[in-house]
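Okay, structure first, notes after.
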Amino acid sequence: MPLWLQHLLVLLIVAGCFGFVARQLVRTFRLKKSKLGACCAKGCDVNETGKTQPAAGERIVFMPVEMLRKR
């Protein structure tokens, strides 16, 4: 494969990736559905209102500051 063809192929792939990200950014700024930034830190199971649904039986317990100190 000639060197110029390899460079052209790489540049086309990079341009395609840049175009996809740019398109998703435009859709995000226009407040339409976008795949860019769709997942939050806890995962992708988000309901229609945008809030994650806790698993059944999952309980969040906060520890007091006093328990965090070394003994």
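All residue numbers refer to positions in the sequence shown, counting from 1.
- Met1 and Val10 fall into different hydrophobic clusters, where Ile, Leu, Val, Met, Phe, Trp and Tyr side chains are chained together by heavy-atom contacts under 4.5 Å.
- If you chain together ILVMFWY residues whose side-chain heavy atoms come under 4.5 Å of each other, Leu9 ends up grouped with Ile13.
- Between the CZ atom of Arg23 and the OG1 atom of Thr28 there is a distance of 10.5 Å, given to the nearest 0.5 Å.
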